[in-house]
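Chain letters run A, B, ... following the sequence lines, proteins first and then strands; every chain starts at 1.
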Amino acid sequence: MCRWVLILRWRKCYSTLAITANSKIAEYARLGQIDNARRVFDHIPHKGVVSWNSIIAGYFQNKQPSEAQSLFDQMPDRNLVSWNGLISGYVKNGMVDEARKVFDEMPERNVVSWTAMVRGYVEEGLVSEAEALFWQMPEKNVVSWTVMLGGLIQQGKMEEAQRLYDMMPVKDVVARTSMVGGLCQEGRLGEAREIFDNMPHRNVFSWTSMISGYAQNEKVDLARKLFEVMPEKNEVSWTAMLMGYIQSERIEEALELFDAMPIKSIVACNAMILGLGKNGKVTRARRIFDSMRVKDDAAWNAMIKVYERKGFDLEAFDMFRCMQRQGLRLNFPSLISVLSVCASLASVNHGRQIHAQLLRSKLDDDVYVSSVLITMYVKCGDLIKAKQVFDRFSLKDVVMWNSIITGYAQHGLADETLQAFREMCSLGIAADAVTFVGVLSACSYTGKVKEGKEIFEAMKSKYLVDPGTEHYACMVDLLGRAGHLVEAMDMINKMPVEADAIVWGSFMAACRNHMNLDLAEVAAKQLLQLEPQNAGHYVLLSNIFASKGKWGDVAKLRKHMRLRKVSRSPGCSWIEVDKKVHMFTGGEHMPHPEHPMIVEKLESLAALLREAGYVPDGSFVLHDLDEEEKVRSLGHHSEKLAIAYGLLKLPGGMPIRVMKNLRVCGDCHVAIKLISKVTGRLIILRDANRFHHFEDGVCSCNDYW
DNA sequence: GTAGGGTTAG
């Protein structure tokens, strides 16, 4: 008697233990600690079928389908749950074919098996396969119907979805919620609301679905009304509401809601960071980022993207490095952002490093990534490497062709640009608007007026691409540079759309280069109207007035500038030395630590230049200084500082690559040509528009920029 | 304790 009790007690205890072990397996698997789950599994003395099922599901959950399959093969006995688990495991790993094989081979099937398989097809977007299977099902229940419904909705087949929904014998909360979501996606808010209102039961999901529907369709206030009355909210509901404000750019209200959120989900934080970034509130975005206890890939990407978009390249890069130091894996969006950062910083070394990582993680055989890579190398001035990446890729799309075409154009290689353009056309790839910007600007940079005009005409008639403002800007630039100012003006007047600042800016520069002060004045006034905050326009107009001796107008303009609180966007140049980017600003507010040495170098250079016959040209300076002061101010233009630093730090024979955020000024251009001559160094300068290769006193732009 | 459905982002 006593013995039996003991045995029974022992058995009871044993089964409790097994259950605990099985839940431990599931728990570890959920946390991504599959090895711990396995350890628990291995220590169970007499493993039941549930333990096996649990560990197999765990491996599927942790993206190790082959290990799961191998365990399945070793199982002493399997039940229907094991088979169904295998199907759903493959489905979750996007392996429909494997799932189907299991489905065909299994000894018996129930509704769950069928539903899982239908779901598998739906996940892959194979709706017709899903439908075929669905109608073959020996029995269906609400879940199977809902899976099929979800598939149709996901594919945007709303009429079919509607029909299926009407046919459903039983509609529960889930099915109704699905339908609400589908209708909202189509903007059919009224119908969605009707289903919502007529639901016998509503839960958080249904409420959130309706709220999100309003929020996504620019009905934020309606969303808010519902949000206020919903009985219980979870973090997803809060986030859905938040997204509404962010998407309608109502950033203050978004912030208010965000601060009120009881639980700030990662999704909410990430969305808030991006939203703030879009609205220029970078510091606030950073504060939220720092406050996040757990940061996922998306959080890092969001922060990197915010910095990248704002042009805070160094910060973006630091962030990326920080992310890697935390041991986070490279992922697609952050790679794209950071490659753009490398491109904009023209940091070849960093770019190459990332390229290497790309190769290792096998992310490089993607059109998108390759195009960004090409652009990166182009902007870093390494056309050879850009071409290598380009050639390596077999299935090139327009974007990739555009990358290399624009690259050649920016380096002033018109023949290569045109050749690539022809090659692309002969391969039957349709040129788009971006292609023509590249081709036309190449013609413009190199004075190919005839070719440019022909291409511009062909663009409309032969390639059927409507010219946009950017193409007119190219044409105005092309004509203007070549001195056909009247024709350029004519082009502006004939434009179907209003000329923007870029068009007028090109025209302006042309007038200045060809010393047509009257037309320049017209252009400058237009520019001031279009961009009253851009200090560059004041500088230009002021220079024109000064050249004409209209000192009264100069004074008036300055006063105007002060009144409107316009400040010059600071010129800034940078150079990469020892894998570090060194920034230089024109003034002496934030001097480089090695400033004295650089100034010394500049002075010795100045002496050499004077010997070579260089006379500083003060007309490029805005400030009303006396001659000597002007020379000093010119001497400290940021590009010269950066070049001097490069001369000091980079071994002889190595090209000096300098980047500048504005267009290089005329005086610097003359001076740098001479510097390349007296020092015998190749100097590559990337300014806001294009590349200048200075060698032995000559620039690749032929003084035409 | 193990198998099938609905809500937030990029």
Side-chain angles (χ1 to χ4, degrees), chain A residues 15-27 29 40 44 48-58 60-61 78-89 91-92 102 106 109-120 122 137 140-151 153-154 171-182 184 202-213 215-216 230 233-244 246-247 261 265-275 296-299 301-302 305 331-334 336-337:
Chain A
S15 64
T16 326
L17 260 177
I19 290 171
T20 318
N22 294 339
S23 22
K24 272 287 161 212
I25 292 174
E27 196 185 322
V40 174
I44 301 174
V49 67
V50 179
S51 308
W52 284 92
N53 291 346
S54 304
I55 191 69
I56 290 169
F60 273 123
Q61 221 175 48
R78 312 174 176 106
N79 59 14
L80 194 48
V81 175
S82 325
W83 286 99
N84 287 341
L86 205 57
I87 296 183
S88 89
V91 165
K92 279 179 195 133
V102 177
M106 62 200 290
R109 294 184 270 266
N110 64 3
V111 217
V112 178
S113 340
W114 285 85
T115 308
M117 198 57 233
V118 172
R119 170 84 185 152
V122 163
M137 283 179 78
K140 308 178 186 59
N141 60 18
V142 220
V143 180
S144 349
W145 281 91
T146 314
V147 167
M148 196 59 242
L149 182 73
I153 290 173
Q154 200 192 298
K171 302 176 180 61
D172 65 1
V173 218
V174 181
R176 287 171 209 262
T177 304
S178 244
M179 202 56 199
V180 168
C184 286
R202 281 181 282 267
N203 58 20
V204 202
F205 284 83
S206 355
W207 282 92
T208 307
S209 208
M210 196 62 236
I211 287 170
S212 150
Q216 302 298 318
M230 77 187 279
K233 307 172 175 73
N234 64 12
E235 51 177 86
V236 181
S237 343
W238 281 89
T239 310
M241 191 59 240
L242 182 73
M243 297 304 309
I246 293 175
Q247 267 160 22
M261 280 175 83
S265 63
I266 297 188
V267 178
C269 291
N270 294 350
M272 200 64 239
I273 288 171
L274 284 171
D296 63 352
D297 289 5
N301 297 339
K305 188 145 195 62
N331 59 74
F332 224 76
S334 63
I336 302 289
S337 298

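At a threshold of 4.0 angstrom between heavy atoms, the contacts of Ile56(A) with the nucleic acid are absent. Nucleic acid contact for Val147(A): sugar-phosphate only, since backbone atoms but no base atoms lie under 4.0 Å from a heavy atom of the residue. As judged by a 4.0 angstrom heavy-atom cut-off over every strand, Thr177(A) is placed among the base-contacting residues. Using a 4.0 Å heavy-atom distance criterion, Asn141(A) is classed as a base contact. Across all strands, Lys233(A) comes closer than 4.0 Å to no nucleic acid atom at all (heavy-atom distances). Within the nucleic acid shown, Val91(A) has no heavy atom closer than 4.0 Å to any nucleic acid atom. In this structure, Glu27(A) reaches neither bases nor backbone, as no heavy-atom distance under 4.0 Å exists between it and the strands shown. Within the 4.0 angstrom heavy-atom criterion, base atoms lie near Ala298(A). Note on Ala175(A): a base of the nucleic acid sits closer than 4.0 angstrom, heavy atoms only. Using a 4.0 Å heavy-atom distance criterion, Asn301(A) is classed as making no nucleic acid contact.
Looking only at side-chain heavy atoms (C-beta outward), Lys92(A) and Phe60(A) stay at 4.5 Å or farther from each other. Annotation: side chain of Met210(A) is in contact with side chain of Cys184(A) (closest heavy-atom distance under 4.5 Å).
With a cutoff of under 4.0 Å to any heavy atom of chain A, the contacted region of DNA chain B is bounded 5' to 3' by dG1(B) to dG10(B).
If you check the side chains of Asn22(A) and Ser51(A), you find a donor sitting under 3.5 Å from an acceptor. Side-chain contact of Asn84(A) with Asn110(A): a donor-acceptor pair under 3.5 Å is present, judged by distance alone. Under the 3.5 Å distance criterion, with hydrogens and angles disregarded, no donor-acceptor pair is assigned to the side chains of Thr177(A) and Ser209(A).
In terms of the side chain to side chain contact (heavy atoms under 4.5 Å, CB included) criterion, residue partners of Ala21(A) (sequence neighbours excluded) are, by chain and number, Val40(A), Ile44(A).
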